[in-house]
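Beneath this line is the structure, given in structure tokens, with notes to follow.
In what follows, residues are counted from 1 in the order of the sequence shown. Ligands are counted one by one from 1 in listed order, and the atoms in each one are counted from 1 as well.
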Amino acid sequence: MMDDPKQLQSADGSARLSIVIPAFNEQGNLRELYAVLLPVLSGLSMSWEIIFSDDGSLDGTWREIAELHRQDRRVKGVRLSRNFGHQYALMAGLAHARGDAVISMDADLQHPADIIPELIKEWRSGCKVVHTRRLDPPNISLLKKWSSDLFYHIFSLLSGVHMESGMADFRLLDRQVLDEILQFREEGLFLRGIVQWVGYERTIVTYQCQERFSGTSKYTLRKMIKFAWTGITSFSVIPLRLGIYLGAITSILAFAAMIYAIYTRLFTNTAVQGWASGLSIVSFLFGILFILLGLLGEYVGQILIEVRRRPRFLVNELIGMKDESAEGEL
Ligand code: UDP
Ligand code: MG
């Protein structure tokens, strides 16, 4: 009843749009999201597809995607072989998108579908990347706001890539930019940094964040810390220089203390007191040394992961794709 799934081109050759949605245990959200997207997408003079990327869900997410595809062939699915993480699920979906413009958004309805026409308008006026920025809901916790502001501030400082708090993976990419991004083979994937890094004509659209429709956040604290750390290590080596600065400062201080000890011994004929303070300073410096060693280890580990060149994710199954074997492996 719908478009031929093998052709995203509309009969009149108008532009094509892909919506890419990573989903991990989002069974309760997909049908509602489809219902919200349908009128918005139908109002655009474009042919479109919705690609759900199932990140190894344990609930009925994949069944739901298959059911939606049966109803509407423009709904398609990529199913990863296990839970690889949001960034990889997003990448898998993007790799299968056929649109001239591709919008990525979350599955939980926190990203409002009704700003899609605005994103398209910006794209039509020549922007190749249309970012979105979340306006914080009035009830956001100060801790969440401050930690997010602090992270993006540190990230921008360390990487030289400007990022603002509230810019998540809800954005439009032009086909040209997407093709460039698909060439990035790094394992430590931090798409929101990469999208800033690549440049091109860009703009930002703001939106009011909605409540999650059903279920709970799939970003555990552990996943969030890992994500933030990947962001920093994949974009900056400045933390590695920390040792040089700290080493220089402590050497200068230690040298001054040494001169002071010799001076006291020679000219006042008394020895500098304080084993306890000496010991605590040494222990403190040892602590710093181990932290720096750990930091070094993190970067070495990251190199090991990168040189292994394993595929970043494995695709188990596809639904509704034109060439079902083409881009499964990245
Ligand atoms: N997600 C995913 N794999 C994961 C974690 C999350 O595909 O391992 C998806 C999730 O289904 C959602 C999006 O990433 O569509 C954002 O996750 P979530 O809404 O839980 O994050 P939050 O909005 O709480 O930061
Ligand atoms: Mg969410």
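- Between E164 and R133 there is a salt bridge, since at least one side-chain N of the basic residue sits less than 4.0 Å from a carboxylate O of the acidic one.
- Ion pairing of R310 with E187 is absent here, as no side-chain N (NZ or NE/NH1/NH2) approaches a carboxylate O to less than 4.0 Å.
- With salt bridges taken as basic N to acidic carboxylate O contacts below 4.0 Å, one links R212 and E26.
- Around the NZ atom of K226, the shell of radius 6.0 Å holds no more than 12 heavy atoms that belong to other residues, nucleotides or ligands.
- For A89, no nitrogen or oxygen atom sits less than 3.5 Å from a nitrogen or oxygen atom of ligand 1, counting backbone and side chain alike.
- Of all the heavy atoms of E26, the ones lying under 4.0 Å from any atom of ligand 1 belong exclusively to the side chain.
- For atom 19 (O) of ligand 1, the nearest non-hydrogen atom from the set D169, N25, D108, D54 comes from D108.
- Ranking the protein heavy atoms by distance from atom 23 (O) of ligand 1 puts Q110 OE1, 2.8 Å first.
- The proximity of D55 to ligand 1, defined as any non-hydrogen pair under 4.0 Å, is limited to the side chain.
- Annotation for ligand 1: atoms under 4.0 Å from non-hydrogen atoms of D106 are 13 (C), 15 (O), 16 (C).
- In this structure, the protein non-hydrogen atom closest to atom 6 (C) of ligand 1 is K218 CB, 3.5 Å.
- Not a single donor-acceptor pair under 3.5 Å links the side chain of N316 to the backbone N or O of R79.
- M224 does not count as a contact of ligand 1, since none of its heavy atoms falls under 4.0 Å from the ligand.
- What sits closest to atom 22 (P) of ligand 1 on the protein, heavy atoms only, is S217 OG, 3.7 Å.
- Taking the charged nitrogens against the carboxylate oxygens, R70 and E67 do have a contact shorter than 4.0 Å, which makes a salt bridge.
- Nearest protein heavy-atom contact of atom 8 (O) of ligand 1 is K223 NZ, 2.8 Å.
- Protein heavy atom closest to atom 21 (O) of ligand 1, with residue, atom name and distance, is Y219 CD1, 3.4 Å.
- Contact atoms of ligand 1 toward N83: 3 (N), 4 (C), 8 (O) (distance under 4.0 Å to a heavy atom of the residue).
- At the shortest separation from atom 14 (O) of ligand 1 among protein heavy atoms lies H86 CD2, 3.2 Å.
- Here L90 has no heavy atoms under 4.0 Å from ligand 1, in either its backbone or its side chain.
- Counting only N and O atoms by type, the side chains of R192 and Q87 include no donor and acceptor under 3.5 Å apart.
- Judged by the 6.0 Å and 45° rule, R265 forms no cation-pi pair with F267.
- Salt bridge status for D100 with R16: present, with a side-chain N to carboxylate O gap under 4.0 Å.
- Using a 4.5 Å heavy-atom cutoff, the side chains of L90 and L189 are not in contact.
- For ligand 1 and A23, the ligand atoms under 4.0 Å from any heavy atom of the residue are 7 (O), 11 (O).
- Some N or O of P22 is nearer than 3.5 Å to an N or O of ligand 1, by distance alone.
- Here the side chain of D108 pairs a donor or acceptor atom with the backbone of Q110 at under 3.5 angstrom.
- Hydrophobic clustering places L182 together with V177 (ILVMFWY residues linked when any side-chain heavy atoms are closer than 4.5 Å, directly or through intermediates).
- Around the Mg ion (ligand 2), protein N, O or S atoms at less than 2.8 Å comprise D108 OD2, Q110 OE1.
- Proximity to G85 (heavy-atom distance under 4.0 Å) selects the following atoms of ligand 1: 3 (N), 8 (O).
- Between R212 and ligand 1 there is a heavy-atom distance shorter than 4.0 Å.
- Among all heavy-atom pairs drawn from P112 and Q210, the shortest one is CB-NE2, 3.9 Å.
- Of all heavy-atom pairs spanning I194 and E186, the tightest one is CD1-OE2, 3.9 Å.
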Check: residues 239-252 side-chain donor-acceptor pairs under 3.5 Å, at least two apart:
from	atom 1	to	atom 2	distance (Å)
T250	OG1	L246	O	2.9
T250	OG1	G247	O	3.2
S251	OG	G247	O	2.7

